[in-house]
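A short worksheet on the structure shown next.
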There are 2 protein chains.
Amino acid sequence: MGTDNKKTAADTTGRIRLENKERIIKAAEKIFAKNGFRGATTADIAAAAELPKANIHYYFGTKEDLYRAVLDEIVALWVSSFREIKHDDDPASTLADYIRAKMELSKNRPHASRVFANELIRGAPRMKDYLEGALKEWVEEKAGIMDQWIEEGRMAPVNTRTLIFHIWAMTQTWADFEVQWTAILGTGDHLGDAEYEEATNAIISMVLRSCGLIPVPPRMTETEMKLTV
Amino acid sequence: MGTDNKKTAADTTGRIRLENKERIIKAAEKIFAKNGFRGATTADIAAAAELPKANIHYYFGTKEDLYRAVLDEIVALWVSSFREIKHDDDPASTLADYIRAKMELSKNRPHASRVFANELIRGAPRMKDYLEGALKEWVEEKAGIMDQWIEEGRMAPVNTRTLIFHIWAMTQTWADFEVQWTAILGTGDHLGDAEYEEATNAIISMVLRSCGLIPVPPRMTETEMKLTV
DNA sequence: GTCTATAGAGAGATAGAC
DNA sequence: GTCTATCTCTCTATAGAC
């Protein structure tokens, strides 16, 4: 019985512990996204998590440790958006799928995107290893495959590394600078599914057209001339 | 004589005053760029300006006032990058020139770009007026002109507002996320002229190709076949 | 494991000598 | 106009009651 009690207690503790840690990380992601590491306060995070401030330190020790836990989750999320691009894959659908996956991430995890952005703007003091390691490797490998596609005439010549960077820039801007796009488009406080869909299609069109993977549609007067003649 | 002395003193004072204010704003731009409004400290700004902390408050009153002065300068800089796009202008060279101007700004004023980025990530509490006012107007007007170009068959059909947003995203990312690009490209601590030139050309090619303003180069095997046949 | 109360460091801001 | 010394408030972190 003593063992049983201990077991049950341990299980419960573990579950509560995990739930609370996850709850704190989610709250921290939001606060760090808005104010950056130095601008965020543990009091704000505690309020967002609806827990006393001391619990934050009980679970994570220091603000620094909590921030690293948040970054770790985000890096895992970023890595999960990587695609296993292979030599035999179809260039057009591979690029389109990757752009769609990145846009899903911007739409569903905007706070994560902003924490990442904040960290990069600061000079990435806590992420240099990741940037120079896993991320660089992924880019090298995938750009290499795309370079082969180009060599084999399956895609028009472009700088493939730069292409990847620009895909990141265009997809992440919809999360990071959302307020700018809502202000200009006049779509209230947040971007809706319609805006994301249109943006996704615009990025896919731009990338595929410029890589010669889909035709650039004819100019309008040409079309109209065909219709009228 | 008394008038002369007063005049000279006033001139000197005015000059020193302006010089110091400008010196503090430049230092503040750097510190705010790195840490955002809440993360930046007046002590850091004073250190960067090589002035005692009290001088910051003597010239600007509060940290908030100083931040607004920095934002005002940046908004003026952004507005100066606007181009008077006119109906009769050539679409290809107009877009290329605008992209070049934006890239010059990223290269020469990366801190300004990052302060702007920080403010947007935070939800732009101090810039909503600008976003919903002057910026929105500029976009409406310029997108309208481009829509005319499309109607007149001078450009392939695209969503022109989204095109502007994506040009901003691609050009500003080279300043805001510089550390990511240097880490992946392995170009040391900073991007050089070579990287900026290549990036500029890549963005121009992508935009002009996707708008049907320059041809997409043939795929390599086609070229090679022509050469070998 | 939870939370109040508080210590100690660091922030913004200012008074007042120069 | 310049700068040191200092006030006050807020922040991180922890001790200790429950």
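We name chains A, B, ... by the order of the sequence lines, and we start the count at 1 in each one.
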remark   = Whole-Å distance, A/Phe37 CZ to D/dC11 P, equals 14 Å
ask   = Quick one: A/Glu19 CD to C/dT2 P, roughly how many Å, whole number?
value = 11 Å
Length of the CD1-C1' vector between B/Ile31 and C/dA11, whole Å = 15 Å
note = With the side chain defined as heavy atoms from C-beta on, A/Thr62 is closest, among C/dG12, D/dA13, C/dC3, to D/dA13
remark   = Considering only heavy side-chain atoms of A/Leu51, the closest of C/dC3, D/dC3, C/dA11 is C/dC3
request  = Measure from NZ or CZ of B/Arg109 to the centre of the six-membered ring of B/Phe116 and say whether it is under 6.0 Å with the direction within 45° of the ring axis.
outcome  = no
request  = Please state whether the rings of B/Tyr67 and B/Phe37 are parallel, tilted or perpendicular, taking 30° and 60° as the class boundaries.
outcome  = tilted
Rounded distance (Å) that lies between atom C1' of D/dG1 and atom CG of B/Leu18 = 14 Å
remark   = A/Lys63 atom NZ is separated from C/dG8 atom C1', nearest whole Å, by 16 Å
inquiry  = Can you tell me if B/Glu22 has over 12 outside heavy atoms packed within less than 6.0 Å of its CD?
reply    = yes
task = Could you pick out which residue, B/Tyr59 or A/Asp44, lies toward the 5' side of DNA chain D when each is mapped onto its nearest nucleotide?
result = B/Tyr59
query = Are OP1 or OP2 of C/dA13 and a side-chain N or O of B/His57 less than 4.0 angstrom apart?
reply = yes
request  = Nearest whole angstrom, please: distance from the C1' of C/dA13 to the NZ of B/Lys53.
outcome  = 8 Å
query = Are any side-chain N or O atoms of A/Trp181 and backbone N or O atoms of A/Glu195, one a donor and one an acceptor, separated by less than 3.5 Å?
reply = no
task = Round to a whole Å and report the spacing from CD1 of B/Ile56 to P of C/dA11.
result = 14 Å
Distance in angstrom units between A/Ile24 CD1 and D/dT12 P, rounded = 14 Å
ask   = Just checking A/Ala46: base, sugar-phosphate only, or nothing, at a heavy-atom cut-off of under 4.0 Å?
value = nothing
ask   = Between D/dA13, C/dT14, C/dA11, which one does the side chain of B/Ala54 approach most closely?
value = C/dT14
task = Check step by step if salt bridge (charged side-chain N to carboxylate O under 4.0 Å, His left out) holds for B/Glu73 and B/Lys26.
result = CA-CA 10 Å; B/Glu73 258 211 23; B/Lys26 281 282 160 292; 3.3 Å; yes
